**Q** 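Shown below is the structure under consideration.
Every value quoted in this text rests on a predicted model; they were computed, and no experiment measured them.
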Amino acid sequence: MSFFKKYDLVILLSLFLLFSACVSTKPVIMNKISFAENSVVAHRGAWKKLGFPENSIASLKHAIELQCTGSEFDVRMTADGVLVINHDPHYNNLSIEESTYEDLLKFKLSNGENLPTLSEFIKAGMENNTSTKLVCEIKPSEISKERGQIIATKVVQLFKELNAEHMVAFISFDYDILKNIEALNPLYSTQYLEGNKSPEQLKTDGITGADYHFSVFKNHPEWIKSAKKNNIILNSWTVNESVDMDWLLANNFDFITTNEPELLFERIAQFKASYKDFKLIWADEFDYSGLPDSTKWNYDIGGHGWGNNEKQFYVEKSIENSFVKDGKLHLTALKKAYENMQYTSARLTTYDRFLIKYGKIEVMAKLPEGKGTWPAIWMLPETLRTKEEEWPLSGEIDIMEHVGQDPNMVHVSLHTELYNFWKKNQYTHFERLTDVSKDFHLYGIEWTTNSIQFYIDNQLFYEAIKGENGKVTNNEGWPFEKPYYLILNLAIGGNWGGEIDDAIFPAEMQVDYVRMYQTVEPKN
């Protein structure tokens, strides 16, 4: 007996509900509730840390205890029309859509719970809950598109019957399900998951949010700006690494869906402490492959020693020396004769691409090891390139320098006409870290009118203060009041790089991301 013949009464009843809801012309006015003012959506509840089953009532209640702003869960429908909570289409090797609820009840969740029905789940979510929205993912039917619409209508009807419409936001990979929910009641929050619609298209179709995998937004950064312009909610799934959380927080996403709500709360606290005065204005996350993005980077080229008797030739657009792979920028030095030099490498800059004056600059990097390597993350002013000033009158900001002959010793410096390494009186600090060539570390500065603070892994490393210890504050003493550009390079040998061990090649500096933030002026 076919599925539809066996359960035709259920299907006809659901179709009647769908028709009744669609012909209603008066939208339901939903109650107001103050949800937690954070961006944390617990993915299938807060289950991981305490070992609860995913999509269980226990994981839902723990999300409420944590005061997540949302707890996501997945809805499917059994063969006898019972709405149940489960992510996968099968439960204990039984097809949910082809099994009765009584069949499924024979198997318990790992904590002893029954497989929850949507009705039980909603009631549990409403109990002692003033913080956490129920983020209901309606799974498309594996049987037919029509059955998916029936499931969606039954879900909407149940929230209405339980007076829980003010508690819910609907999400789905099925665009038509969301469009029909919006038609039933335009006041519902509906967020699309697939990631193949622009914010403009969502707005046109009445869908209120883009809830896409974070890689979609990294590949389409213009959608972030467009979503904000069109008042489309920004959400992202499933975000479990701190580096991705930080990027979404920096881009001011409304919500972040995660299996690690506790970690996300920690990152939010850190972000508020470290980034509250800054707005992200430029970034490269290196979520592509091939040569560095030419809209963001250009090259310094040549093998003339660069004022330090360096031994490399910096090559332009060489896939051997500068390339993006597996989410990282690789700057690679090779033992390879080129022009008049015996080594090749790369030096990327944002000159003619992006300049910044004051703000926060961050580079997450892993450094090469071995004698002769000299990686640097640093900044020079536009006035040097336009030949309005010469070095060191122009000024120089060294966010990070490291020489392989002195492993793990990281240097930061400022150079000016009056205070520079020639005179051995530059603003500088150096300290030995741990495993800079094995682990990624975050190198950055916070640059204001009165100081430049150097940070490593968000910890203050050194602060240079304008006029400290009686130092001159004019352009010769503090030339850091004009636009600068960023440089990433891997030098070989030279006055500081020293002796070169040819056994180390290829030597590589890897960069996970570069982010630059503008200082936000305080509101009066």
**Q** Just to verify, what does Asp398 make a side chain to side chain donor-acceptor pair (under 3.5 Å) with, not counting sequence neighbours?
**A** His415

**Q** Got a sec, which residues hit side chain to side chain donor-acceptor pair (under 3.5 Å) with Glu194, two or more places apart in sequence or on another chain?
**A** none

**Q** Among all residues two or more places apart in sequence or in another chain, which pass the side chain to side chain donor-acceptor pair (under 3.5 Å) test with Ser226?
**A** Glu200, Asn230

**Q** Listed by chain and number, what are the side chain to side chain contact (heavy atoms under 4.5 Å, CB included) partners of His87, not counting sequence neighbours?
**A** Arg44, Asn55, Asp74, Lys139

**Q** With sequence neighbours excluded, tell me which residues meet salt bridge (charged side-chain N to carboxylate O under 4.0 Å, His left out) with Glu260.
**A** Lys48

**Q** Under the rule for ring pair (Phe, Tyr, Trp, His ring centres under 6.0 Å), what residues qualify as partners of Phe217, not counting sequence neighbours?
**A** Tyr212, Phe253

**Q** Could you list the residues that satisfy ring pair (Phe, Tyr, Trp, His ring centres under 6.0 Å) with Trp378, not counting sequence neighbours?
**A** none

**Q** Does Val82 have any side chain to side chain contact (heavy atoms under 4.5 Å, CB included) partners at least two apart in sequence or in another chain, and if so, which?
**A** Thr78, Asp80, Val84, Tyr101, Thr117

**Q** Please name all residues satisfying side chain to side chain contact (heavy atoms under 4.5 Å, CB included) with Gln201, sequence neighbours left out, ordered by chain then number.
**A** Tyr175, Lys197, Ser198, Thr204, Asp205

**Q** Who pairs with Phe255 by ring pair (Phe, Tyr, Trp, His ring centres under 6.0 Å), at least two apart in sequence or on another chain?
**A** none

**Q** Phe159 and Tyr188: aromatic ring centres closer than 6.0 Å?
**A** no

**Q** Got a list of side-chain donor-acceptor pairs under 3.5 Å for residues 435-442, not counting sequence neighbours?
**A**
| residue | atom | partner | partner atom | Å |
| --- | --- | --- | --- | --- |
| Ser437 | OG | Leu367 | O | 3.1 |
| Ser437 | OG | Pro368 | O | 3.1 |
| His441 | ND1 | Asp457 | OD2 | 2.7 |
| His441 | NE2 | Thr434 | O | 3.1 |

**Q** Taking side chain to side chain contact (heavy atoms under 4.5 Å, CB included) as the test, write out the residues that go with Ala58, two or more places apart.
**A** Phe52, Ser56, Asn111, Glu113

